Amino acid sequence: MDEKSYYSRRLIALLMVLCFGVIVLQYICPTSDCQLLHLASLSSRLGSRAPGDRMNGAGAGDPYSSEDGALVRFVPRFNFTTKDLNRAVDFNIKGDDVIVFLHIQKTGGTTFGRHLVRNIQLERPCECHAGQKKCTCYRPGKRDTWLFSRFSTGWTCGLHADWTELTNCVPSYMSNRESQERRGIPRNYYYITILRDPVWRYLSEWRHVQRGATWKASKHICDGRLPTLTELPSCYTGDDWSGCSLEEFMACPYNLANNRQTRMLADLSLVGCYNLSIMSESQRWVMLLESAKRNLRNMAFFGLTEYQRKTQYLFEQTFRLAFIAPFTQLNGTRAASVEVEPETQRRIRELNQWDVELYEYARDLFLQRFQYARQKERREARQRRLQERRKLRAKAKSWWGVTGKAVFKPTKEPSMTEQYPAFSEENQADAGQKLESETEGQVEDNWLEEDDNETILDYLENVEQWR
């Protein structure tokens with residue numbers, strides 16, 4: 001047989017097997033969940049490393065270290081209580097708990113919202129069908145949703161509803177959806193959101209508006225009423241503001257893009273909603289900023305667009321839910337492609353001074369929460385290792401019997417008089433028990449010291465510094 005012909009036949013056979021496998025895979029698992037599983041397995045084989053990740057001693061990549069590429073220390077600026085940092089909640093997806101996603105424009109909320117409905121390992125996954133924007137996210141064994149978001153319930157409380165709207169709308173909406181006999185049963189609502197660097201968020205919103213976005217469907221309901229045209233004037237006269245320049249976008253004094261994150265996270269009822277005549281502008285924004293900080297602190301969870309892997313980790317630690325595929329840090333956004341002069345960036349920061357202050361506060365809190373969760377995870381792992389070692393030591397004693405005492409030798413050898421003192425057999429037995437107890441305690445102390453060092457190293461490896 002000709003050698004060329006032989007290899008050609010083998011190549012054709014391999015191609016046929018490959019095509020057959022692809023057809024079978026599409027038939028068995030046509031949905032996007034399989035693609036996520038494939039991405040997860042692929043990322044695990046590649047080490048799941050993002051740019052800037054370092055390798056630890058074991059050779060595995062730490063996906064959480066220095067997502068911004070800066071291998072420097074993070075120095076906290078704000079003092080938070082343990083309650084502020086420890087945000088693990090007892091979320092019961094089979095009960096009456098509901099996650100409410102507050103989606104702020106141009107913060108990466110669409111990507112995160114898709115993760116919530118398509119990328120979480122659930123006993124009963126959300127049902128998402130091609131061509132449909134919304135997914136059905138029912139609890140196991142119930143026709144009741146556990147998620148209030150754009151991709152599960154739609155814009156039920158208005159397009160990009162803010163904190164003031166959601167906290168007044170969501171409970172009544174969920175109660176109306178229940179059957180008559182279930183109405184009145186208390187629910188736990190866990191509010192979550194995503195924040196973004198104010199300058200890049202502002203530029204991203206400008207580009208979005210420049211392409212024709214208006215968000216006219218937003219209601220802005222506060223204290224039970226819509227704002228008047230006098231309270232909330234428009235920045236443009238036509239159907240939209242498409243084609244506007246950055247200068248025009250920045251020049252409008254009524255532009256809701258200015259300090260949007262602070263306004264959407266604050267309780268607007270505290271300042272008379274959109275009525276600007278009640279107090280001075282500076283007093284109004286000071287109150288809004290404090291309200292936004294307080295609400296952000298008390299939220300079950302918030303993430304940052306600039307830290308995708310840490311956002312994923314904190315969500316999983318908070319709700320005890322695991323994602324199928326890891327989050328990806330994408331820096332090639334439309335806003336990133338805009339070349340902005342330093343002077344223009346300075347003006348944008350001035351226009352968004354309250355968002356800048358809120359983001360600095362949020363970033364500090366976010367990174368402190370991440371460090372706290374990592375250290376807590378290490379402590380729990382250390383306790384599990386100690387328990388396993390105690391079990392093994394107990395088994396070793398039962399195997400060796402009395403002679404098992406010789407396994408745990410003290411670091412300092414006792415003298416002959418200490419080993420064989422001139423007193424009764426009873427005293428000798430007491431001394432033996434004391435020696436064994438001291439030896440075991442010394443061994444446990446060594447283990448604790450070893451694990452404490454690991455905790456310190458883990459802390460130092462996962463700290464970052466302000467940009």
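Because the structure is predicted, anything quoted here is derived from the model rather than measured. Numbers here are sequence positions counted from 1.
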Under 3.5 Å, side chain of [X] to main-chain N/O of [Y], donor-acceptor pair present?
X    : Y    : result
T311 : L304 : yes
Q329 : T305 : yes
D84  : T81  : yes
Q261 : R196 : yes
K216 : D239 : yes
N119 : I324 : yes
E165 : H220 : yes
E290 : A266 : no
E248 : S245 : yes
R87  : F302 : no

Check whether any side-chain heavy atom of [X] sits under 4.5 Å from a side-chain heavy atom of [Y], and report yes or no.
X    : Y    : value
L166 : V100 : yes
R263 : W285 : yes
L122 : W146 : yes
K134 : T153 : no
T164 : S269 : yes
M250 : T344 : yes
L268 : Y274 : yes
I192 : M299 : no

Salt bridge check: are [X] and [Y] linked by an N-O gap of less than 4.0 Å?
X    : Y    : result
E306 : R363 : no
D364 : R77  : no
R139 : E123 : no
R384 : E388 : no

Within this structure, what is the [atom1]-[atom2] distance for the pair [X] and [Y], rounded to the nearest 0.5 Å?
X    : Y    : atom1 : atom2 : answer
I104 : D162 : CD1   : CG    : 9.0 Å
L367 : K310 : CG    : NZ    : 6.5 Å
E281 : L276 : CD    : CG    : 8.0 Å
S218 : H160 : OG    : NE2   : 6.5 Å
Q121 : L321 : CD    : CG    : 9.5 Å
K133 : R150 : NZ    : CZ    : 7.0 Å

Write down the atom of [X], the atom of [Y], and the distance for their closest heavy-atom approach.
X    : Y    : answer
M264 : H103 : CE-O, 4.0 Å
S204 : K106 : OG-CE, 3.1 Å
R124 : G141 : NH1-N, 3.9 Å
K219 : T156 : NZ-O, 4.0 Å
F366 : L314 : CE1-CD1, 3.5 Å
Q210 : C244 : NE2-O, 3.1 Å

Residue pair [X] / [Y], side-chain donor-acceptor N/O under 3.5 Å:
X    : Y    : result
R201 : Y359 : no
T262 : N259 : no
Y191 : N295 : no
Y254 : E231 : no
S172 : S175 : no
N92  : D97  : no

Could you walk me through whether E377 and Y313 pass the side chain to side chain donor-acceptor pair (under 3.5 Å) check?
CA-CA 11 Å; E377 183 183 32; Y313 174 82; 2.8 Å; yes

Steps toward side chain to side chain contact (heavy atoms under 4.5 Å, CB included) verdict (L288, D267)
CA-CA 7 Å; L288 288 177; D267 183 359; over 6 Å; no

Take a 6.0 Å sphere around [atom1] of [X] and say whether it holds more than 12 heavy atoms from other residues, nucleotides or ligands.
X    : atom1 : value
L15  : CG    : yes
E341 : CD    : no
R349 : CZ    : no

Side chain to side chain contact (heavy atoms under 4.5 Å, CB included) between F80 and R297, intermediate numbers included
CA-CA 9 Å; F80 295 105; R297 235 178 14 249; 4.3 Å; yes

SG proximity flag C126/C135, limit 2.5 angstrom:
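Looking at C126 and C135, their sulfur gamma atoms do not lie closer than 2.5 Å, so the answer is no.
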
Is the distance between the ring centroids of F301 and Y190 under 6.0 Å?
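Ring centroids of Y190 and F301 are no less than 6.0 Å from each other.
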
Assert yes or no for the condition that the ring centre distance of F112 to F101 is strictly below 6.0 Å.
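Between F101 and F112, which both carry aromatic rings, the centre distance is below 6.0 Å.
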
Ring-face cation contact, W215 with R260, 6.0 Å cut, 45° max
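Ring-cation test returns yes.
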
Verdict with supporting geometry, N86 and R369, side chain to side chain contact (heavy atoms under 4.5 Å, CB included)
CA-CA 7 Å; N86 185 16; R369 281 183 178 178; over 6 Å; no

Taking only residues two or more places apart in sequence, or in another chain, which ones meet F327 in a ring-ring contact (aromatic ring centres under 6.0 Å, His included)?
H115, F323

Return the set of residues passing ring-ring contact (aromatic ring centres under 6.0 Å, His included) with Y138 (not counting sequence neighbours), or none when no residue passes.
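Expected list: none.
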
Go through the steps for L116 and L147 under the test side chain to side chain contact (heavy atoms under 4.5 Å, CB included), then give the verdict.
CA-CA 8 Å; L116 293 177; L147 175 65; 4.0 Å; yes

For Y202, run the side-chain hydrogen bond (donor to acceptor under 3.5 Å, both in side chains) check against N352, D197, N258 and tell me which one passes.
N258

Applying salt bridge (Lys or Arg N to Asp or Glu O under 4.0 Å), run through E343 and R347 and close with a yes or a no.
CA-CA 6 Å; E343 176 61 24; R347 288 175 55 199; 5.5 Å; no

